[in-house]
> 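The structure is given below, and queries will be raised subsequently.
Quick note: residue numbers are just sequence positions, from 1.
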Amino acid sequence: NNNNNNNDSDVPNYTGYMAMLAVDTSYRRSGIGSALVRRAVRRMRQMGCSSVTLETEVTNKAAMKLYEERLGFVREEFLAR
């Protein structure tokens, strides 16, 4: 009798979190932001995260475009404060 079932419920479901990511204005549009996000997501995956939550200001249209269009993030909800 083998009790080593690999059910999804046996695997922890970790979520990575990013907020307040910024690139100095003089270095924007040079790929630094994309590289930072990709590196952070890669590291989170290595550490066992199955998803990543990224928080940004709704008024930061450039960041939202980067995250959604270039990096594949999906907008899920807005948090009101």
> Going by the rule side chain to side chain donor-acceptor pair (under 3.5 Å), which residues pair with S30 if we only count those two or more places apart in sequence or in a different chain?
none

> Quick one: CG on L21 to CG on L54, what's the gap to the nearest 0.5 Å?
7.5 Å

> Sequence neighbours left out, cut at 3.5 Å: what donor-acceptor pairs do the side chains of residues 60-67 make with other protein atoms?
| from | atom 1 | to | atom 2 | distance (Å) |
| --- | --- | --- | --- | --- |
| N60 | OD1 | A63 | N | 3.1 |

> Can you tell me if R75 uses its side chain to pair, donor with acceptor, with the backbone of E68 under 3.5 Å?
no

> Under 6.0 Å from the CZ atom of R70, do we count more than 12 heavy atoms belonging to anything else shown?
no

> Using the test side-chain contact (heavy atoms from CB on, under 4.5 Å), find all partners of S26 that sit at least two apart in sequence or belong to another chain.
D24

> Given the rule that I, L, V, M, F, W and Y join up when any side-chain heavy atoms are under 4.5 Å apart, are Y14 and M18 in one cluster?
no

> Extract all donor-acceptor atom pairs below 3.5 Å that involve side chains of residues 34-49 and protein atoms in other chains or at least two apart in sequence.
| from | atom 1 | to | atom 2 | distance (Å) |
| --- | --- | --- | --- | --- |
| R43 | NH1 | Q46 | OE1 | 3.3 |

> Only counting residues at least two apart or in another chain, list the ones meeting side-chain contact (heavy atoms from CB on, under 4.5 Å) with A22.
none

> So if you build clusters from Ile, Leu, Val, Met, Phe, Trp, Tyr with side-chain heavy-atom gaps below 4.5 Å, do M20 and I32 land together?
no

> Among residues at least two apart in sequence or on other chains, which ones pass side chain to side chain donor-acceptor pair (under 3.5 Å) with T59?
none

> T53 vs T15, test: side chain to side chain donor-acceptor pair (under 3.5 Å). Steps then yes/no.
CA-CA 7 Å; T53 296; T15 298; 5.4 Å; no

> Only counting residues at least two apart or in another chain, list the ones meeting side chain to side chain donor-acceptor pair (under 3.5 Å) with S50.
N13

